[in-house]
Amino acid sequence: MSLESIYDAVLNGDAKKAAAETEAALKAGIKAEDILHKACIPAMTEVGRLFEEGEKFVPEMLISARAMQAAMNILRPELVKADVKTLGKVVIGTVQGDLHDIGKNLVKMMLEGAGFEVIDLGVDVSAQKFVDTAREQNADIIGLSALLTTTMPGMKTTIETLKEAGLHGKIKVMIGGAPITQDYADEIGADGYAPDASSAVRKAKQLLGIAA
Ligand code: B1M
């Protein structure tokens, strides 16, 4: 049992080992915060780097993200007890009328892997629900995913609803999904666009002024 073995388990997507090693590390007195920041997050950062360099692909990224989740399930209660600060709070979901969630889930897992707290509203989420939840939860970012050209306008509606609520600029909006482009983000006034889960982490950090 060591931080290195947890790092390896997450990097290699071994969820069973990630959970077992995390439990053993906690029992041995290693702090949950150290396991998170010195093993889990660096492993997911490396997964993101390998993905961007074309050395890992979506399925492998998902498998690593699941291993990270397995470790997180054990760490979460300890982190809550220790009141560990997260990088920021993101309310994420797939826009109204759209049921695709594989990419959104991946973005969620990578954000959690990087140290963000993520509130996942699921699929088919209305603009009002995004804005209400972000307000209630005091979120820093609303993350919108859309896979259908017909549901993309839900992103624009969410930004308009945010403006009506007087929260535009206070809560940043990041968008993504296969049909989304930087041009579309600029057109609708989104604060950020990311083409994939790994760059979504970089973009979220950038939006909150956190060094990558
Ligand atoms: Co659908 N579907 N689908 N589908 N489906 C597409 C999107 C489509 C391109 C297939 C095609 O025709 N070639 C097409 C859309 C065409 C268009 O709009 N122009 C399509 C269609 C038409 C439909 C239906 C209408 C089919 C029908 O019923 N007639 C229907 C719509 C249902 C609905 O949503 N109301 C439908 C249904 C489905 C399934 C339910 C069967 C299933 C979804 C299962 C699920 O998600 N739980 C499904 C699937 C699997 C696909 C394809 C094959 C794969 C999507 C996917 O998961 N990709 C897709 C074709 C394709 O894309 N090749 C297709 C993998 C995923 C990791 O990538 O989601 O792009 P992606 O996410 C990436 C990035 O985009 C980015 O990061 C992710 C990870 O790198 N990203 C973000 C995503 N969200 C982000 C948010 C961010 C930042 C980055 O910030 C917040």
Side-chain angles (χ1 to χ4, degrees), residues 13 44-69 86-127 129-131 133-134 137 139-159 161-162 167-168 171-208 210 212:
M44 286 309 289
T45 307
E46 178 63 3
V47 171
R49 191 188 68 76
L50 292 170
F51 172 74
E52 282 178 15
E53 293 194 349
E55 288 179 41
K56 271 198 191 274
F57 301 96
V58 167
E60 291 161 300
M61 201 153 57
L62 272 173
I63 290 167
S64 281
R66 282 194 195 121
M68 166 90 187
Q69 290 290 318
T86 64
L87 291 184
K89 204 183 267 191
V90 183
V91 169
I92 201 168
T94 305
V95 297
Q96 192 152 38
D98 201 323
L99 303 176
H100 296 84
D101 67 357
I102 297 169
K104 182 267 296 171
N105 291 343
L106 196 49
V107 172
K108 173 194 168 185
M109 290 192 266
M110 290 301 283
L111 285 171
E112 285 185 336
F116 285 90
E117 179 183 351
V118 184
I119 298 161
D120 184 3
L121 297 180
V123 297
D124 191 17
V125 182
S126 70
K129 174 95 178 155
F130 275 118
V131 173
T133 309
Q137 295 287 336
D140 302 291
I141 298 175
I142 295 178
L144 304 172
S145 181
L147 263 287
L148 298 172
T149 45
T150 49
T151 58
M152 284 166 60
M155 296 176 154
K156 188 168 182 233
T157 313
T158 306
I159 292 170
T161 309
L162 198 63
L167 294 169
H168 188 234
I171 299 173
K172 307 284 184 191
V173 178
M174 175 167 75
I175 66 172
I180 309 302
T181 59
Q182 183 63 55
D183 281 352
Y184 183 68
D186 294 341
E187 186 189 316
I188 65 168
D191 298 289
Y193 155 73
D196 57 55
S198 174
S199 44
V201 170
R202 244 197 338 269
K203 183 54 75 178
K205 286 183 178 174
Q206 193 190 317
L207 290 176
L208 301 187
I210 299 163

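When a ligand or atom number is given, it counts from 1 through the structure's own listing order. Predicted, not measured: the structure shown is a model, and the values here were computed from it.
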Using protein heavy atoms only, decide if any is under 4.0 Å from atom 18 (O) of ligand 1.
yes
Nearest atoms (heavy-atom pairs only) where V107 meets A200
CG1-CB, 3.8 Å
Using a 3.5 Å cut-off on N or O atoms only, is L99 in polar contact with ligand 1?
yes
What is the distance from atom CD of E112 to atom CE of M68, rounded to the nearest 0.5 Å?
7.5 Å
Suppose we measure from atom 55 (C) of ligand 1 to each protein heavy atom; which comes out shortest, and what is that distance?
L147 CD1, 4.2 Å
Can you tell me how far apart NZ (K56) and CE (M61) are? Round to the nearest 0.5 Å.
10.5 Å
Could you measure the distance from the CG atom of L62 to the CG atom of L106? Nearest 0.5 Å is fine.
4.5 Å
Got a second to check how far T161's OG1 is from H168's NE2, nearest 0.5 Å?
11.5 Å
Note: heavy atom closest to atom 82 (C) of ligand 1, options V91, V107, I141, belongs to V107
Which is closest to atom 74 (C) of ligand 1 in terms of heavy atoms, G103, S198, P195?
P195
Nearest-neighbour protein heavy atom for atom 44 (C) of ligand 1, which is reported as residue plus atom name and distance:
I102 CD1, 4.2 Å
Below 4.0 angstrom from a heavy atom of G143, which ligand 1 atoms are there? Numbered from 1 as shown, please.
91 (C)
Is there a polar contact, in the sense of an N or O pair closer than 3.5 Å, between A194 and ligand 1?
no
For residues D191 and L207, report the shortest heavy-atom separation together with the two atoms involved.
O-CD2, 3.6 Å
Report yes if F51 has an N/O atom closer than 3.5 Å to an N/O atom of ligand 1; otherwise report no.
no
Can you measure from CD (Q137) to CD1 (I142) and round to the nearest 0.5 angstrom?
11.5 Å
Nearest heavy-atom approach of R202 to E52 is NH1-OE2, 2.9 Å
Under 4.0 Å from atom 89 (C) of ligand 1, is there at least one protein heavy atom?
yes
Closest contact, heavy atoms only, F116 versus T86:
C-CB, 4.4 Å
Say you draw a straight line from CG of L147 to CD1 of I102; how long is it, rounded to the nearest 0.5 Å?
8.5 Å
Any protein heavy atom sitting closer than 4.0 Å to atom 59 (C) of ligand 1?
no
Using the side chain to side chain contact (heavy atoms under 4.5 Å, CB included) rule, take D183 and E187 through it: C-alpha gap first, then chi angles, then the decisive distance, then the call.
CA-CA 6 Å; D183 281 352; E187 186 189 316; 5.9 Å; no
Counting non-hydrogen protein atoms only, what is the nearest one to atom 80 (O) of ligand 1? Give residue, atom name and distance.
A197 N, 3.3 Å
Under 4.0 Å from atom 9 (C) of ligand 1, can you find at least one protein heavy atom?
no
Minimal heavy-atom distance between G143 and V90, with the atoms involved, is N-CG1, 4.2 Å
Return yes when atom NZ of K129 has more than 12 non-hydrogen atoms of other residues, nucleotides or ligands closer than 6.0 Å, and no otherwise.
no
Any protein heavy atom sitting closer than 4.0 Å to atom 52 (C) of ligand 1?
no
Residue portion contacting ligand 1 (non-hydrogen atoms closer than 4.0 Å) for L144:
backbone
Whether T151 side chain and G97 backbone form a donor-acceptor pair below 3.5 Å
no
If you scan the protein for heavy atoms around atom 40 (C) of ligand 1, do you find one that is closer than 4.0 Å?
no
Could you report the tightest heavy-atom contact between V95 and M155, atom names first, then the distance?
CG1-CG, 3.9 Å
A student comparing V201, L148, T94, T149 should find that the heavy atom closest to atom 25 (C) of ligand 1 comes from L148
Counting from 1 in the order shown, the ligand 1 atoms closer than 4.0 Å to a non-hydrogen atom of L106 are 79 (C)
For a 4.5 angstrom cut-off between non-hydrogen side-chain atoms, does D120 reach K104?
yes
Using a heavy-atom cut-off of under 4.0 Å, does the side chain or the backbone of V123 touch ligand 1, or both, or neither?
neither
Atom 64 (C) of ligand 1 within contact range, any protein heavy atom under 4.0 Å
yes
Nearest heavy atom to atom 81 (N) of ligand 1 wins, so pick from A178, G97, G192, G177.
G177
Considering both backbone and side-chain atoms of D196, is one of its nitrogen or oxygen atoms within less than 3.5 Å of a nitrogen or oxygen in ligand 1?
no
Is there a polar contact, in the sense of an N or O pair closer than 3.5 Å, between S145 and ligand 1?
yes
Test item: protein heavy atom less than 4.0 Å from atom 6 (C) of ligand 1
yes
min-distance N/O/S atom, H100 vs atom 1 (Co) of ligand 1, resolves to NE2
As an exercise, identify every atom of ligand 1 less than 4.0 angstrom from a heavy atom of D98.
34 (O)
Here the atoms of ligand 1 under 4.0 Å from any heavy atom belonging to D101 are 45 (C), 46 (O), 47 (N)
